[in-house]
Chemist: 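Structure provided below as structure tokens; questions to follow.
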Amino acid sequence: MLAGMNLLPFEPQPPFRPRAFVPEKTDLGDWSQIEPLFDKLESAAAPARAPAELERWLLDGSELTAALDEEFTRRHIAMTCHTDNAGAETAYLRFIEEIEPRAKPRQFKLARLFLEHPARAGLSQERYFVFDRSAQAQADIFRPENVPLETEEARLSQQYQKLMGSLTVKFQGEEKTLVQMGRYQEEPDRALRQEAWELTTRRRLQEADRFEELFEQMLKLREQIAANAGFPNYLQYTFKARGRFDYTPEDCRKFHKAIESEVMPVLRGLQARRREKLGLKTLRPWDLSVDPSNLPPLRPFDDVEVLSARAQEIFNKLDAGLAGDFRLMREKNLLDLANRKGKAPGGYQSTLAESRLPFIFMNAVGMQRDVETILHEAGHAFHALAAREKDLYAYRSAPIEFCEVASMSMELLGNEFIETFYSTDDARRARRKHLEGIVDIFPWIATVDAFQHWIYSHPGHARGERRLAWLELMDRFGGDVDWSGHEQARALLWHRQLHIFLHPFYYVEYGIAQLGALQVWRNAKKDKAHALQAYHRALALGGSRPLPKLFEAADCRFDFSRQTVKPLVRLVQNELAVLGE
Ligand SMILES: [Zn+2]
């Protein structure tokens, strides 16, 4: 057992199904113990003749993948909960440097053996369509020479997280993380907001060169990865690698345009209303999060125990099944919610693939946003639990575009019961804030996505050109905000967007999914029980169906053209009108 493993917030959990292939005592951090299992799978492929034997073989491979995935996840959780713990860092890095690069080619070999297997043709097309399609795509893009490049990419990602997590400022006599500084943006005292904003921004800008260099190293690696796999650029490569079978880069560009024409007028309207209510000539970057009536920020909770208990009450009101799921997570300590120094930024949900249990990581500081985040991550957790019964590892998780429907729907559905945190008036404010956030996020999604479309289709571009491309998008999607005196901060605003560094192109999914979530919410307004039934039905499919089918199971359309965007934006606008001033 490696040092650092006792840093997990929860007790070790047994596998959901007893292991049938991986011996109980295997040390999954030791390649010499893992390798024989891959050998065994490889030699067992050929003798499997009937489709049923091939299926058994797939399940054995699935079990090994899940066991390795859980080992990785545990180390990742320990590292992100304690970025300042050397043992946790070493254990994590050892896995990504020593195990993953060796396991990947072997996984690829197994995919090849599957694709070439004579019994493959006899498998049920209904059950194996998605699995087969993914295996084929994986095999098509796999290049052994990319494995060390991906390892290097993962190492750089970890450096970005470490750098971000280490940034602090001295504010009002105390050392604060940049995440902790976020809450001052909701303070009615404008001078205080400005001071906090400038301090935080300056701190990030001090590291601007490091962020740029880190990103450029990643960029070079990614371009090489795409070239090695025979793609003209990393954009094309990513669509295949991310399994985007059901939409194209062109669809995304149309989505950006739909956001520009349908959402931007609404955003500008909200910004004008905010400016007038605050009595300002222009909106500055530090005027965007404060309550438009200049009320003190919503303070839904002081202590994360309260956050967890109130969230439980919301799920109790929403649905008995979901309430049970959340209770299970609380009982098993599968939540690490409080922000503290040495924690990686952001929030995530990850799944322990073998025990088939979800874990939620957050940096809660007592803001309304934290309430939204816990509802969001709980949606992901419900997804993991709903798909628990799927015996194939690959089918226990859905494509991201649908995963985010699970989570974003939960924000909208949960907000209907937000009175567990607030008085009637504050609940109304919280709902307004959430819906305004949806209007805000679409243009930001378009910006981040279009920026990456630009970056990865302009290989060899200069830093200055990248800056101009970003600024052009800020002009299109930034709305009416006065950045004068802070031009550098505006030009480098993307440094704070972790996805651009860690998960390239993983952002448009939020937009596609938000459209799904708005549809689930619209359905729930008509018939809550029916909508929740569809929600659960779709979640339980895991990743066993193509994207359009998953949306369909949730009673939604998989489409992000202007025709879909327009009425949903209208719905949000109407709801805001009902909530009033
Ligand atoms: Zn999410």
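Everything numeric here is computed off the predicted structure, so don't read it as measured data. Just so you know, ligand 1 is whichever comes first in the structure, and atom 1 is the first atom listed for that ligand.
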Chemist: Measure the acute angle between the ring planes of H76 and Y348, then classify it against the limits of 30° and 60° as parallel, tilted or perpendicular.
Modeler: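 Tilted, since the angle between the ring planes falls between 30° and 60°.
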Chemist: Is the Y92-F72 ring centre distance short of 6.0 angstrom?
Modeler: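 Close enough - the centres of the two rings lie under 6.0 Å apart.
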Chemist: Tell me, which N, O or S atom in H380 is closest to the Zn ion (ligand 1)?
Modeler: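 This turns out to be NE2.
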Chemist: May I ask you to test the F315-M410 pair for a side-chain heavy-atom distance under 4.5 Å?
Modeler: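 Counting from C-beta outward, F315 and M410 do come under 4.5 Å.
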Chemist: Would E404 count as a contact for the Zn ion (ligand 1), in the sense that one of its N, O or S atoms lies under 2.8 Å from it?
Modeler: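 Yes, E404 qualifies, because one of its backbone or side-chain N, O or S atoms lies under 2.8 Å.
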Chemist: Is any N, O or S atom of C403 under 2.8 Å away from the Zn ion (ligand 1)?
Modeler: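 No, C403 does not qualify, because none of its backbone or side-chain N, O or S atoms lies under 2.8 Å.
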Chemist: Can any side-chain N or O of T201 pair as donor or acceptor with the backbone N or O of A489 at less than 3.5 Å?
Modeler: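 Not at all, since once roles are kept as given, no pair shorter than 3.5 Å links the two residues.
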